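Letters go in sequence order (proteins before strands), and every chain restarts at 1. The structure displayed is predicted, hence computed values, not measured ones.
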Number of protein chains: 2
Amino acid sequence: MTANLAIDLDRSSPVPLYFQVAEQIAEAIRRGDLAPGSRLDNEILLADKLGLSRPTIRQAIQYLVDKGLLVRKRGVGTQVVHGQVKRSVELTSLYDDLRRAGQEPATQVLTLEPRAVEEEVAGILGVQAGSEVLYLERLRFAAGEPLAVLHNWLPVGLAALTAADLESRGLYELLRSAGVRMRVANQRIGARAATQAEARLLEERRGAPLLTMVRTTYDDQGRAVEHGSHVYRASHYSLEVTLIER
Amino acid sequence: MTANLAIDLDRSSPVPLYFQVAEQIAEAIRRGDLAPGSRLDNEILLADKLGLSRPTIRQAIQYLVDKGLLVRKRGVGTQVVHGQVKRSVELTSLYDDLRRAGQEPATQVLTLEPRAVEEEVAGILGVQAGSEVLYLERLRFAAGEPLAVLHNWLPVGLAALTAADLESRGLYELLRSAGVRMRVANQRIGARAATQAEARLLEERRGAPLLTMVRTTYDDQGRAVEHGSHVYRASHYSLEVTLIER
DNA sequence: TCGGCGCATTTGTCTGGACATTCTGACCTG
DNA sequence: CAGGTCAGAATGTCCAGACAAATGCGCCGA
């Protein structure tokens with residue numbers, strides 16, 4: 001085992017050394033140079049080879065363990081995980097997911113306006129009941145077919161959103177480029193039968209099963225930045241979630 | 001700010017010092033002694049107060065940052081997050097969830113037998129198509145009402161499961177006490193209309209919306225330990241998921 | 001032949017220190 | 001008074017080393 005992977009470091013780079021190491025090990029795993037189950041050199045040897053200290057090597061390895069690429073075992077060593085676990089733990093929006101799947105998403109903005117917020121949503125967003133928030137209603141298409149009806153509430157002043165922006169890019173992408181750093185999302189996923197109005201928008205029959213999702217997203221300060229209540233055509237869409245326990 | 005929290009350490013305990021510190025800070029946050037937004041003492045001062053080195057303090061704080069309880073900002077300090085984010089990132093089973101919610105779950109085992117596995121599931125579990133795996137079919141009740149139909153496939157030899165065990169405890173709990181260390185779960189969540197047979201089991205009408213979940217769980221080596229395909233009554237149940245981006 | 005003991009290996013925890021980077025706020029200047 | 005500049009404070013990164021604990025394997029004895 002212990003494939004002889006070549007790692008070169010740039011000490012003049014602003015990129016931390018532990019991160020350079022981690023990236024290159026991850027790349028070797030992706031390329032297949034490090035096969036699943038193969039053992040890495042032990043930490044001390046690795047540190048010696050690269051001219052780094054053991055804590056730095058440990059930080060690099062820990063980073064990859066957290067991402068689920070490596071497994072450490074005391075007394076044994078560090079191995080590349082077996083199995084082809086999908087690693088999609090990122091905070092993504094429907095738009096991102098669709099585009100990655102090559103589905104060519106399209107969006108129609110139905111409503112985009114400041115609106116006095118009802119009590120429940122106010123509590124979630126942490127603003128005063130009755131104050132104004134940005135209300136947003138969109139119809140999302142994929143491959144030319146209607147896929148979902150999306151309702152969102154956002155604190156005012158977070159980002160300057162226009163209908164044109166929203167029809168060409170995803171909400172999360174727009175928030176990110178406005179400097180919003182999303183970190184935690186809480187989602188409740190359920191199902192119910194379509195109402196008449198929903199059926200008409202989504203080109204389904206009344207009573208057709210819909211997937212529902214209520215999501216609140218928080219930034220790195222723990223402040224709510226977005227609350228959404230969405231319905232998806234169950235016949236055309238399902239959600240994928242990966243959980244990693246530390 | 002900088003509440004004067006008292007932390008006592010037991011150096012003779014096998015529990016790592018960083019973990020003792022982290023636990024007690026987390027407890028102070030839960031109790032409310034450390035209000036959201038309040039700043040912790042800086043790392044050096046904290047290390048000094050507790051008689052520990054800075055890396056140890058950093059490890060404790062990092063642990064809580066990963067769990068989403070604290071926020072660090074270079075040049076500023078470490079703060080308790082604002083907002084009441086729910087922190088349930090654990091790998092739990094339906095049984096655990098229900099019992100925690102005080103719902104008093106009950107289980108009826110419909111099938112429990114070794115069975116030749118079809119190709120698709122064989123590929124997922126990483127065994128040869130046609131070889132035998134443990135097949136399990138259960139009906140789950142909560143508060144006296146049928147809630148879900150659960151189908152599972154498990155590699156043979158993983159744990160000695162009996163119908164009696166399965167009717168008194170959850171599958172995950174049984175696996176854990178058999179020494180299985182589950183670490184990653186991949187779930188696909190969708191919805192569809194109930195078939196006649198499902199409707200009868202769940203006391204719903206045919207065509208009623210059901211929440212569907214297909215889940216594969218892997219251990220810390222990346223080996224599949226469980227594959228399940230479940231349907232839930234959407235009228236009685238929804239799933240909650242929390243995502244934390246690092 | 002089989003079971004248990006001990007040893008080598010490897011990661012886990014902890015120390016003490018150094019310098020770099022980033023953010024905030026006060027001060028100074030135009 | 002507005003703007004930029006600089007110093008202080010805090011976290012981020014990195015080093016060198018020490019001891020502890022768990023694992024797996026080989027050796028040895030029954």
Side-chain angles (χ1 to χ4, degrees), chain A residues 1-2 7 9-25 37-66 69-81 179 181 183 219-221 246, chain B residues 1-2 7 9-25 37-66 69-81 179 181 183 219-221 246:
Chain A
M1 304 303 111
T2 73
I7 293 181
L9 301 172
D10 178 2
R11 295 193 95 102
S12 68
S13 158
V15 177
L17 293 172
Y18 81 89
F19 195 77
Q20 295 185 35
V21 174
E23 286 275 278
Q24 293 183 49
I25 293 176
S38 64
R39 278 221 316 283
L40 258 63
D41 286 336
N42 75 59
E43 297 173 351
I44 296 175
L45 182 58
L46 215 47
D48 211 40
K49 273 189 186 171
L50 299 178
L52 297 173
S53 70
R54 189 177 161 217
T56 303
I57 295 294
R58 271 186 74 74
Q59 197 175 0
I61 291 176
Q62 188 59 48
Y63 176 80
L64 296 175
V65 169
D66 286 347
L69 269 79
L70 295 178
V71 177
R72 319 167 91 133
K73 268 192 174 176
R74 187 191 296 205
V76 179
T78 305
Q79 292 175 277
V80 179
V81 293
R181 294 191 293 190
R183 185 153 187 285
D219 70 4
D220 56 6
Q221 298 287 304
R246 297 167 43 81
Chain B
M1 305 309 109
T2 75
I7 293 182
L9 301 171
D10 178 3
R11 295 192 94 102
S12 67
S13 159
V15 178
L17 292 172
Y18 83 88
F19 195 78
Q20 294 185 34
V21 174
E23 286 275 278
Q24 292 184 49
I25 293 175
S38 64
R39 278 219 318 283
L40 257 64
D41 286 337
N42 73 58
E43 298 174 351
I44 296 175
L45 182 58
L46 215 47
D48 211 40
K49 273 189 188 173
L50 299 179
L52 297 173
S53 69
R54 189 176 161 219
T56 302
I57 295 295
R58 271 186 74 73
Q59 197 174 1
I61 292 176
Q62 188 60 47
Y63 177 81
L64 296 176
V65 169
D66 287 345
L69 270 78
L70 296 178
V71 178
R72 319 168 89 132
K73 270 190 173 175
R74 188 190 295 208
V76 179
T78 305
Q79 292 175 276
V80 179
V81 293
R181 295 192 292 191
R183 185 153 187 285
D219 70 4
D220 56 6
Q221 297 287 302
R246 298 167 43 78

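A heavy-atom distance below 4.5 Å is not found between the side chains of B:Lys73 and B:Arg39. For the pair A:Glu23 and A:Phe19, the minimum side-chain heavy-atom distance is below 4.5 Å. The shortest side-chain heavy-atom distance between B:Gln62 and A:Gln62 does not fall under the 4.5 Å cut-off. The shortest distance between side-chain heavy atoms of A:Leu52 and A:Leu9 falls below 4.5 Å.
The side chain of A:Thr56 places no N or O atom within less than 4.0 Å of a non-bridging phosphate oxygen (OP1 or OP2) of D:dT13. The side chain of A:Arg11 contributes an N or O atom lying less than 4.0 Å from OP1 or OP2 of D:dC15. Not one side-chain nitrogen or oxygen of B:Tyr18 sits closer than 4.0 Å to the OP1 or OP2 atom of C:dC14.
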I'd like a list of close polar pairs between nucleotides 17-20 of chain D and the protein, N/O only, cut-off under 3.5 Å.
unit_1: D:dA18; atom_1: N6; unit_2: A:Arg54; atom_2: NH1; d: 3.4

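Summarising the geometry, the separation between CZ on A:Arg58 and C1' on D:dA16 is reported as 15 Å, rounded to the nearest angstrom. In this structure, B:Tyr63 places its OH atom 11 Å from P of C:dT13, rounding to the nearest Å. Atom CG in A:Asp10 sits about 12 Å away from atom P in D:dC14, given to the nearest Å. Atom CD of B:Gln59 is separated from atom C1' of D:dG12 by 16 Å (rounded to the nearest Å). Distance, A:Glu43 CD to D:dC14 C1': 16 Å, rounded to whole Å. B:Ile44 places its CD1 atom 15 Å from the P atom of C:dT15, with the value rounded to the nearest Å. Going from atom CD1 of B:Ile61 over to atom P of D:dT11 covers 7 Å, rounded to whole Å. Atoms CG (B:Leu40) and C1' (D:dA9) sit 16 Å apart, rounded to a whole Å.
Across all their heavy atoms, A:Tyr18 and A:Ala60 have their closest contact at O-CB, 3.3 Å.
Nearest-nucleotide positions on DNA chain D for A:Leu17 and B:Pro14 put A:Leu17 closer to the 5' end.
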Contact string for nucleotides 4-9 of chain C, one letter per nucleotide 5' to 3', B = base within protein heavy-atom range under 4.0 Å, S = sugar-phosphate only, - = neither, reads -----B
Could you walk me through whether B:Val15 and B:Asp10 pass the side chain to side chain contact (heavy atoms under 4.5 Å, CB included) check?
CA-CA 8 Å; B:Val15 178; B:Asp10 178 3; over 6 Å; no
Please step through side chain to side chain contact (heavy atoms under 4.5 Å, CB included) for the pair A:Gln20 and A:Leu17, ending with a clear verdict.
CA-CA 5 Å; A:Gln20 295 185 35; A:Leu17 293 172; 4.1 Å; yes
Take B:Val80 and B:Leu70 through the side chain to side chain contact (heavy atoms under 4.5 Å, CB included) test and state the conclusion after the steps.
CA-CA 5 Å; B:Val80 179; B:Leu70 296 178; 4.0 Å; yes
Verdict with reasoning, A:Leu50 to A:Ile7, per side chain to side chain contact (heavy atoms under 4.5 Å, CB included)
CA-CA 8 Å; A:Leu50 299 178; A:Ile7 293 181; 3.9 Å; yes
